[in-house]
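All remarks here apply to the structure that follows.
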Amino acid sequence: MFLTGTSRINEKNHLEIGGVDTVELVERVGTPLYVLDEAEIRKRMKEFIASFQAYNIPFQVAYASKALCTKAMCYMAEQEGLSLDVVSGGELFTAIQAGFPSERIHFHGNNKSEKEIEMAIDANIGAFVIDNLYEIELIKEIAGRKEKKVNALIRVTPGIEAHTHEYIQTGQEDSKFGFNLNEPAIAAAKIVQASEQIELNGFHFHIGSQIFDMTGFEKAVERIADFYSIVQYELKTELPILNTGGGFGIRYTNEDNPLSIKNYVDSLLESVKNHFVKRSLNIPEIWIEPGRSIIGEAGITLYKIGSSKDIPNVRKYVAVDGGMMDNPRPALYQAKYEAAIANRMISDESEKVSVAGKACESGDMLIWDIQLNQPQAGDLLAIFSTGAYNYSMSSNYNRIPRPAMVLLNEGNADLIVERETVEDLVQYDRVPERLTVQKNIGIK
Ligand code: LLP
């Protein structure tokens, strides 16, 4: 049985999360439904902080809000002492609206717009993570106009290929992100150093996502330590911060075997200590940006099962009331998930089925070939580990409204994102006057 966080089977043989019976929950709030296990989120946030505190190295753990950005998430990150990584005006606005302390906000993005830069400068965010020369010029111009000086890290591409899906690798040389090592990054650093509007605090790298094997980090840190010795010599100054990005892997299925958060952090900090000390460099303040490893396993999606199609000797399709609109990851990355029948967790009878979504597209499959307890129309299907990059990458394909999101903890179930309605979906539609007066010239 695959369970995550506080999930357990209760006396009614139902899936219970955060002390809440999921079957009773959906009777009140409907399906599809994203639920979040608050205790699991906070436990993971605390584990990151405690793992760093065991070292005598200044640090910031910035939650990568791209994994799941809502005001409630910003509140929890703030309460647990995390910083926040945002990558767009929308994420920044969410953080500001949630009252997140701006000095702990780091702003990423490979094509920040003037408007976004302006918004970030006005909010006095903690740091820009500068991606390219165009951005340097924009920041100089906008900060200059506002007579402000901003703090920044420069993003570099360490030339390391992480062992993960190629669409979520980012640190290899052929990447749209950041400056390549060494010359392009040094040239950028010199431009920033010479500017009056930007204070250079250090560098950032991110090698990819859903990483289990720390050798990629180890290699990247080694390269970065070499780079710090060169660039600090060239700039004749010490850079106080190094940001090593996010990317720690989680458990989607029993085949995934991630390290514990403590092991990830230990391994990272040991490499940093090792490679910086070896080069007689001071150990910089370390920033990291975990997204998936905070929220991934804390999210579960609940669906109602509807139609099915049995093709003898081929397969049985069982369809749910959501799909690639609320979880595009199987279609995009061949991502695998575990699931259970939440209203009949333990049963003697099970069958192999494939879980289809309701979108008009053959590729809209959530799980291929899974053993489930005799799924019937009306049953509740729980898919685990859907907290990261599901809601944040969701769409309204087929004009299907997005699910609601509920935060579960100690028997409480609180709505943190309202269910979208079909009225919401048409609210931005406009019909030009001339369409309303044109006569029907179709064939009679
Ligand atoms: N920092 C930077 C600069 C990033 O680009 C990312 C993720 C993170 C931190 C957080 O990485 P995490 O700890 O969550 O692995 N949509 C894909 C994942 C894209 C990741 C993009 N960047 C997915 O669903 O798997």
Side-chain angles (χ1 to χ4, degrees), residues 41 44-45 47-48 60-69 73 77 82-88 91 105-112 127-132 135 152-158 160 162-172 175-179 203-214 216-217 220 224 242-253 256 258-259 261 264-265 268 286-299 301 324 326-337 366 383 385-395:
I41 298 170
R44 285 167 172 267
M45 290 178 169
E47 201 174 334
F48 271 110
Q60 284 193 38
V61 176
Y63 168 58
S65 69
K66 64 187 75 92
L68 173 63
C69 186
M73 277 306 294
L82 275 71
S83 300
L84 202 70
D85 146 3
V86 301
V87 296
S88 69
E91 288 182 356
I105 298 178
H106 312 156
F107 190 19
H108 273 277
N110 67 311
N111 191 21
K112 303 175 183 78
F128 278 85
V129 182
I130 295 178
D131 186 272
N132 52 70
E135 181 181 342
L153 305 183
I154 292 177
R155 178 164 183 169
V156 296
T157 302
I160 299 297
H163 296 277
T164 186
H165 192 287
E166 68 173 303
Y167 288 2
I168 52 180
Q169 284 179 355
T170 39
Q172 71 279 21
S175 159
K176 74 168 181 171
F177 296 106
F179 294 92
F203 289 85
H204 166 283
F205 71 81
H206 171 79
I207 56 173
S209 201
Q210 185 62 355
I211 297 168
F212 296 113
D213 175 351
M214 290 300 283
F217 277 100
I224 283 290
L242 169 64
N243 187 328
T244 62
F248 309 125
I250 65 158
R251 200 169 62 112
Y252 283 100
T253 71
D256 297 327
L259 298 175
I261 288 173
Y264 276 129
V265 172
L268 178 70
I286 301 297
W287 293 5
I288 59 163
E289 300 164 335
R292 189 190 318 265
S293 52
I294 285 177
I295 193 62
E297 288 184 41
T301 311
M324 65 192 298
D326 60 78
N327 183 2
R329 299 192 70 261
L332 267 178
Y333 316 120
Q334 300 89 43
K336 307 249 179 321
Y337 288 90
L366 290 174
I383 298 192
S385 299
T386 58
Y389 305 108
N390 279 228
Y391 175 69
S392 61
M393 293 203 298
S394 64
S395 73

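We count ligands from 1, going down the list as the structure has it; atoms in each ligand are counted the same way. Please read these numbers as outputs of a predicted model, since none were measured by experiment.
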query: Got a second to check how far Asn243's CG is from Phe203's CZ, nearest 0.5 Å?
result: 12.5 Å
query: Rounded to the nearest 0.5 Å, how far apart are CG of Leu268 and CG of Leu259?
result: 11.5 Å
- line: Heavy atoms of Asp213 and Ile211 approach each other most closely as O-CG2, 3.3 Å
query: Which pair of non-hydrogen atoms, one from Arg251 and one from Asp256, has the smallest distance, and what is that distance?
result: CG-O, 3.6 Å
query: Among the heavy atoms of Pro290, does any lie under 4.0 Å from an atom of ligand 1?
result: yes
- prompt: Does Gly247 come within less than 4.0 angstrom of ligand 1, counting non-hydrogen atoms of the residue?
  reply: yes
Please identify which atoms of ligand 1 are closer than 4.0 Å to at least one heavy atom of [X].
X	answer
Asp85	1 (N), 9 (C)
His204	3 (C)
Arg329	23 (C), 24 (O), 25 (O)
Met393	16 (N), 24 (O)
Glu289	1 (N), 2 (C), 3 (C), 8 (C), 9 (C), 10 (C), 13 (O)

Does an N or O anywhere in [X] fall below 3.5 Å from an N or O of ligand 1?
X	answer
Ser209	yes
Gly291	yes
Tyr333	yes
His108	no

- prompt: Can the ring centroids of His108 and His206 be said to lie less than 6.0 angstrom from one another?
  reply: no
- prompt: By ring pair (Phe, Tyr, Trp, His ring centres under 6.0 Å), which residues pair with Tyr337, not counting sequence neighbours?
  reply: Tyr252
message: Using the ring pair (Phe, Tyr, Trp, His ring centres under 6.0 Å) criterion, which residues pair with Phe248? Sequence neighbours excluded.
response: Phe48, Phe217, Tyr264
- prompt: Any side-chain donor paired with an acceptor under 3.5 Å for His106 and Glu289?
  reply: no
